[in-house]
Amino acid sequence: MGGNNITVAEEFILLGFSHLPHLRFILLCMFLFLYACTLLGNSLITLLIIKDPRLHTPMYFFLANLSILDLLSPSVTVPKMIQDLVSGKGVISVHGCFVQIFFLITFAGSECPLLSVMAFDRYVAICKPLHYRIIMSNKMCSWLTGGVWILGSFYSLLHTLLTKNIQFCGPFSINHVFCDVLPLFQLACSNITLNLVLLYQSAFFNGMCNFYIILSSYSSIITAIARITSKDGRRKTFSTCASHLMVVSVFYGTVMATYFSPISSYLESRDRTAAVIYTSVTPALNPIIYSFRNNDVKKALKKLFGK
């Protein structure tokens, strides 16, 4: 990660999909469609939860926060990706690049603990139903949600400030679809040991520790479901968790593929694919996976549209 061409960067060039010029129109249509679905689906879920009193429960309160994250996270990257596909250029200012990094890590870093909070909510609902209202009180839900957003912002601030202090080698071309820490590390001329230590420590504490909470919660949930004698009862109980498990699998699968590999084995093509999935595809799918299969949400939809 060294070099002699050390100059002060004023802007970066996002190479994006420049290696696929023949697919520009198809990619443009795909991202426009996914972003429109993301905005429509997550806005509708948030509106339903706000307007329908039957959805004023901890589970749907956390789901509303997930929908807000899924609205904000792609809005940091996808409009710029669409603009670059239209113009054929990928110019972004250094300031714009670090703003993008800050908000991207804030929202991605908040989603990890939010998913573990949602798993804990299901654990309490299934394993401790008599104490559910006491444990998951409005105050507790507010504290948990506030902690989620603060944790994501804290990690993001640390990463952004440390990345901002890196000296970069020209040419300032980022082989990625948006600004992110790993692609920027490839341009570093200065020592990035501290950046890497922070990256893998935060990936462990914010990623793996939350993943462990999710696994522990579902281990207890599966044990509790196994004790239910009725087959129909087991199916109904597990159905309240199935969508969350799907969301967790997609999110953690793509994030781990991106950030849990050594930088020496960093592959732009793999990272670009994973990035497109967790910033564009997953937020569009979450309303369908998590909500529109839910009977309460279907009833709220019918009520909202007067059917």
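Excluded from the calculations below are hydrogen atoms, water molecules and symmetry mates; all remaining heavy atoms, backbone and side chain alike, are included. We're numbering straight along the sequence, starting at 1.
Using a 4.5 Å heavy-atom cutoff, the side chains of Phe172 and Val94 are not in contact. For the pair Val281 and Leu34, the minimum side-chain heavy-atom distance is below 4.5 Å. Residues Leu69 and Trp149 are in side-chain contact: their nearest non-hydrogen atoms beyond the backbone lie under 4.5 Å apart. Residues Asn42 and Ile68 fail the side-chain proximity criterion, which asks for heavy atoms closer than 4.5 Å. Looking at heavy atoms from C-beta onward, Thr145 lies in side-chain contact with Phe61 at the 4.5 angstrom threshold. Under the 4.5 Å side-chain criterion, counting only non-hydrogen atoms from C-beta, His159 is in contact with Leu198. Between Ile82 and Leu28, some side-chain heavy-atom pair lies under the 4.5 Å cut-off. In this structure, Met136 and Cys141 have side chains that are in contact, with non-hydrogen atoms separated by less than 4.5 Å.
Both Val99 and Leu161 sit in one connected hydrophobic cluster of ILVMFWY residues. Membership requires side-chain heavy atoms under 4.5 Å apart, directly or through other members. Hydrophobic cluster membership differs between Leu27 and Phe33, with clusters built from Ile, Leu, Val, Met, Phe, Trp and Tyr side chains linked at under 4.5 angstrom. Criterion: ILVMFWY side-chain heavy atoms under 4.5 Å apart, direct or through other members. Under it, Ile289 and Met59 are part of a common hydrophobic cluster. By the criterion of side-chain heavy atoms lying less than 4.5 angstrom apart, applied directly or through intervening Ile, Leu, Val, Met, Phe, Trp or Tyr residues, Ile49 is grouped together with Leu39 in one hydrophobic cluster. Under the 4.5 Å side-chain heavy-atom criterion for grouping Ile, Leu, Val, Met, Phe, Trp and Tyr, Phe154 is not connected to Ile101 through any hydrophobic cluster.
Put simply, CD1 on Ile213 and CE on Met118 are 14.5 Å apart, with the number rounded to the nearest 0.5 Å. Taking CG of Leu194 as the start and CD of Gln201 as the end, the distance is 9.0 Å to the nearest 0.5 Å. The structure places CD1 of Ile26 at 10.0 Å from CG of Leu20, a figure rounded to the nearest 0.5 Å. Interatomic distance, OG of Ser219 versus OH of Tyr212, reported as 8.5 Å (0.5 Å rounding). Taking CG of Leu245 as the start and CZ of Arg122 as the end, the distance is 12.0 Å to the nearest 0.5 Å. Here Tyr132 contributes atom OH and Lys128 contributes atom NZ; the two are 14.5 Å apart, rounded to the nearest 0.5 Å.
Ring orientation note: the planes of Phe98 and Phe168 are tilted relative to one another, at an angle of 30° to 60°.
When every heavy atom of Val276 is checked against every heavy atom of Phe31, the shortest pair comes out as CG1-CE2, 3.8 Å. Minimum heavy-atom separation, His244 to Leu115: NE2-O, 3.0 Å. The minimum heavy-atom distance between Ile92 and Gln100, with the atom names listed, is CD1-OE1, 4.1 Å. Looking at every heavy atom in both residues, Pro58 comes nearest to Asp121 through CB-OD1, 3.6 Å. Heavy atoms only, all atoms of each residue included: Val78 and Ser280 are closest at CG2-OG, 3.5 Å. For the residue pair Thr46 and Ser67, the shortest heavy atom distance occurs at OG1-CB, 3.4 Å.
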Check: residues 70-77 side-chain donor-acceptor pairs under 3.5 Å, at least two apart:
from	atom 1	to	atom 2	distance (Å)
Asp70	OD2	Asn286	ND2	2.7
Ser75	OG	Tyr35	OH	2.9
Ser75	OG	Leu71	O	2.7

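Between the His176 side chain and the Leu14 main chain, no donor and acceptor come within less than 3.5 Å of each other. Looking at Arg234, its side chain never comes within 3.5 Å of a backbone N or O of Ala226 through a donor-acceptor pair. A distance-only check finds a donor-acceptor pair linking the side chain of Ser87 to the backbone of Gln83 [under 3.5 Å]. A donor-acceptor contact shorter than 3.5 Å is absent between the side chain of Asn210 and the backbone of Ser116.
Donor-acceptor pairing under 3.5 Å is recorded for the side chains of Asn191 and Thr193.
Counting heavy atoms of neighbouring residues, nucleotides and ligands inside a 6.0 Å radius, atom NE2 of His56 exceeds 12 of them. By the 6.0 Å contact criterion, CZ on Arg133 is open, its count of non-hydrogen atoms from other residues, nucleotides or ligands being 12 or less. Around the OH atom of Tyr123, the shell of radius 6.0 Å holds no more than 12 heavy atoms that belong to other residues, nucleotides or ligands. Taking a 6.0 Å sphere around CG of Asn165, one finds it holds more than 12 heavy atoms contributed by other residues, nucleotides or ligands.
The six-membered or imidazole ring of Tyr155 lies away from that of Phe205, with a centre-to-centre distance of 6.0 Å or more. The aromatic ring centroids of Phe107 and Phe102 lie 6.0 Å or more from each other.
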Check against side chain to side chain contact (heavy atoms under 4.5 Å, CB included), Leu184 and Leu182: CA-CA 5 Å; Leu184 278 176; Leu182 279 178; over 6 Å; no
May I have the step-by-step check of side chain to side chain contact (heavy atoms under 4.5 Å, CB included) for Leu196 and Phe185, ending in yes or no? CA-CA 9 Å; Leu196 291 173; Phe185 289 170; 3.8 Å; yes
Between Leu66 and Glu111, is the side chain to side chain contact (heavy atoms under 4.5 Å, CB included) condition met? List the steps. CA-CA 7 Å; Leu66 180 64; Glu111 191 156 347; 3.6 Å; yes
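The side-chain contact (heavy atoms from CB on, under 4.5 Å) test with Phe62 is passed by exactly one of Val148, Leu144, Thr57: Leu144. Each of Leu104, Asn195, Ile105 was compared with Val181 under the side-chain contact (heavy atoms from CB on, under 4.5 Å) criterion, and only Ile105 meets it.
Identified under the disulfide bond (SG atoms under 2.5 Å apart) test for residues 45-99, with sequence neighbours left out: Cys97-Cys179.
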